[in-house]
Amino acid sequence: MTTQHLYWLMKSEPDDVSIDDLQRTGHIGWYGVRNYQARNFMRDGMQVGDGVLFYHSSCAQPGVAGFAEVSKLAYPDPTQFDAESKYFDPKSAVEKPRWQQVDVRFIAKTRILPLEEMRRYPELAGMQVLKKGNRLSITPVTASEWSFIQSLLG
DNA sequence: GCCAACGTTGGC
DNA sequence: GCCAACGTTGGC
């Protein structure tokens with residue numbers, strides 16, 4: 001059986017975790033996802049080695065800020081059990097966790113590829129992150145979108 | 001800070 | 001199971 005690696009775009013608010021933070025630490029647990037669709041992508045879709053576009057959202061210049069990769073399969077997000085955390089979920093039980101996270105490993109910091117620039121490339125027109133009203137923090141990326149962005153930023 | 005889009009909640 | 005109200009996301 002062959003293992004087909006996939007590609008993902010993952011949004012992070014740089015005020016919380018930026019590409020510089022990831023570069024500094026080398027890897028990070030992708031905590032705080034509280035949307036079922038995004039969770040399911042992590043839980044059911046991601047494999048170790050999958051490519052990640054690290055995207056800065058809710059900031060002055062939203063856009064792709066670097067490359068990373070999935071370094072650990074989905075496991076329970078510890079912040080859901082932490083009453084001090086803003087991601088605490090009182091409805092989640094340790095024996096039956098509701099939320100998952102993967103670990104992500106730093107690969108490269110790039111120039112910012114702004115959302116506004118991404119909109120100008122027909123090659124990227126199908127990306128979910130460009131769709132009106134898109135709010136999903138984790139979305140699949142096709143192999144051709146991935147290599148196009150690599151050629152822009154590499 | 002505004003507000004469109006959209007997911008979740010909960011009453012019925 | 002419907003759907004209105006509510007909360008959140010995130011670009012601008």
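Chain identifiers are assigned alphabetically (A, B, ...) following the order of the sequence lines, protein sequences preceding nucleic acid strands; residue numbering begins at 1 within each chain.
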Report task. May I ask you to check whether A:Trp99 and A:Tyr36 place their ring centers less than 6.0 Å from one another? Result -> yes
Query raised in the report: Contact class for A:Lys131 (heavy atom, under 4.0 Å): base, sugar-phosphate, or nothing?
Result: nothing
Query raised in the report: Which pair of non-hydrogen atoms, one from A:Leu124 and one from A:Phe148, has the smallest distance, and what is that distance?
Result: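 Residues A:Leu124 and A:Phe148, closest heavy atoms: CD2-CD2, 3.6 Å.
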Query raised in the report: So, are A:Asp77 and A:Arg34 salt-bridged, with charged N and O less than 4.0 Å apart?
Result: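 Salt bridge present between A:Asp77 and A:Arg34.
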Query raised in the report: Looking at five pairs on each end of the helix from B:dG1-C:dC12 to B:dC12-C:dG1, what is the angle between the two axes, given to 10 degrees?
Result: 10°
Query raised in the report: Among A:Glu69, A:Met10, A:His27, which one satisfies side-chain contact (heavy atoms from CB on, under 4.5 Å) with A:Val104?
Result: A:Met10
**Report entry** 4.5 Å side-chain heavy-atom contact, A:Ile138 and A:Met46
**Finding:**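 Of all side-chain heavy-atom pairs linking A:Met46 with A:Ile138, at least one is under 4.5 Å.
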Query - Residue pair A:Val64 / A:Phe54, side-chain heavy-atom distance below 4.5 Å - result: no
Query - Distance-only donor-acceptor check, side chains A:Asp82 and A:Thr79, under 3.5 Å - result: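 Their side chains do not contain a donor-acceptor pair, so the 3.5 Å distance test is not met.
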Query raised in the report: Are A:Tyr75 and A:Gln100 close enough that a side-chain donor and a side-chain acceptor fall under 3.5 Å?
Result: no
**Report entry** Per-nucleotide protein contact string for nucleotides 5-12 of chain C, where B marks a base within reach and S marks sugar-phosphate only (heavy atoms under 4.0 Å, - for neither)
**Finding:** --BBBBSS
